[in-house]
Amino acid sequence: MVKFEQIKGFVFDLDGVIANTSAYHAQAWHQLADELDVTWTEDLGNQLKGVGRMDSLNLILKYGGKENDYTEDEKIKYAAEKNDNYLKLLESLDKSVILPGMGEFIKDIADHHYLISLASSSKNSPRVLEKLDLAKYFNERVDPVTLKHGKPDPEIYTRGAEILNLKPEECVGLEDAVAGVKAINGSGETSVGIGDPKILHEADINFNDTSEVTLENIKKAMDQMSDSIATD
Ligand code: G6P
Ligand code: MG
């Protein structure tokens, strides 16, 4: 069991962890699902969280029983259309979409000399981080274009530690998505799930919302984890 004192770095998801942009992704997909005549549900929205652009489109088509209805070229066109919808929503983006406490948390870990990397599946993540004025805190970013597999595969979190020259055990990963928590767990990092603990029950540590994410609370949770294992 990893102790808090061994932690040297944090690997962040972006959408739904640092910023409320997951709602923008959902809105843009919802728009496309309507056009494709696939009924939008909360469950579908949850399945799409953290999942890359093409994989998301394929999930939507499968959900609507339309997985064989479109050619690859048509799918590329629809994925581009979703991205256009998303980029329109990003035009008005500013610091107000930073989720409660996350600006302070990121600054705090940087002040404490932890290393920080970004493990977002989004090709738009550099643009979003710049707009939020948070890019300066990130030592490194995994470019999702270079990955063989998307979340829930661990590759993105494995790389998130590697680019900081850290071992996975020396990192905490933060996620709002089931696919993302699975990816962190597979990489060997300590997983923090932010959101409904019933949905994110596979996470090592659960917080209901971002305002609870502090170094002190992460330390407390990791101390409790090692205590409970020691007394087992
Ligand atoms: C993130 C979001 C997903 C999004 C994916 C790809 O993981 O949580 O909702 O589909 O990135 O984003 P992109 O901006 O590249 O389409
Ligand atoms: Mg996310």
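All of these numbers come straight from a predicted model, not from anything done at the bench. Atoms within each ligand, like the ligands themselves, are counted from 1 in listed order.
The existence of a salt bridge linking Lys151 and Glu175 is confirmed by a sub-4.0 Å separation between a basic side-chain nitrogen and an acidic carboxylate oxygen.
Exactly one of Val172, Asp204, Ile7 qualifies for a side chain to side chain contact (heavy atoms under 4.5 Å, CB included) with Val2. That residue is Ile7.
Under the ring pair (Phe, Tyr, Trp, His ring centres under 6.0 Å) criterion, the residue pairs touching residues 125-149 are Phe12-Phe138, with sequence neighbours excluded.
A donor-acceptor pair is defined here as one N or O able to donate and one able to accept, closer than 3.5 Å; such a pair exists between the side chain of Asn185 and the backbone of Glu202. Between the side chain of Glu155 and the main chain of Lys148, a donor-acceptor pair closer than 3.5 Å is present.
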What does the N/O contact table under 3.5 Å look like for ligand 1?
residue, atom, partner, partner atom, Å
ligand 1, 7 (O), Gly50, O, 3.4
ligand 1, 8 (O), Gly50, N, 3.0
ligand 1, 10 (O), Val51, O, 2.8
ligand 1, 11 (O), Ser122, N, 3.4
ligand 1, 12 (O), Ser122, OG, 3.4
ligand 1, 14 (O), Ser122, OG, 2.6
ligand 1, 14 (O), Asn124, ND2, 2.7
ligand 1, 15 (O), Arg53, NH2, 3.2
ligand 1, 15 (O), Lys123, N, 2.7
ligand 1, 16 (O), Arg53, NE, 2.7
ligand 1, 16 (O), Arg53, NH2, 3.4

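Atoms of the protein (N, O or S only) found under 2.8 Å from the Mg ion (ligand 2) are Asp13 OD2, Asp15 O, Asp176 OD1.
Looking only at side-chain heavy atoms (C-beta outward), Arg159 and Thr146 come within less than 4.5 Å of each other.
In this structure, the side chain to side chain contact (heavy atoms under 4.5 Å, CB included) partners of Asn85, at least two apart in sequence or on a different chain, are Ala28, Gln31.
Relative ring orientation between Trp40 and His30 is described as parallel, the plane-to-plane angle staying below 30° on a 0-90° scale split at 30° and 60°.
Judged by a 6.0 Å distance limit and a 45° cone about the ring axis, Lys82 is positioned over the six-membered ring of Tyr86.
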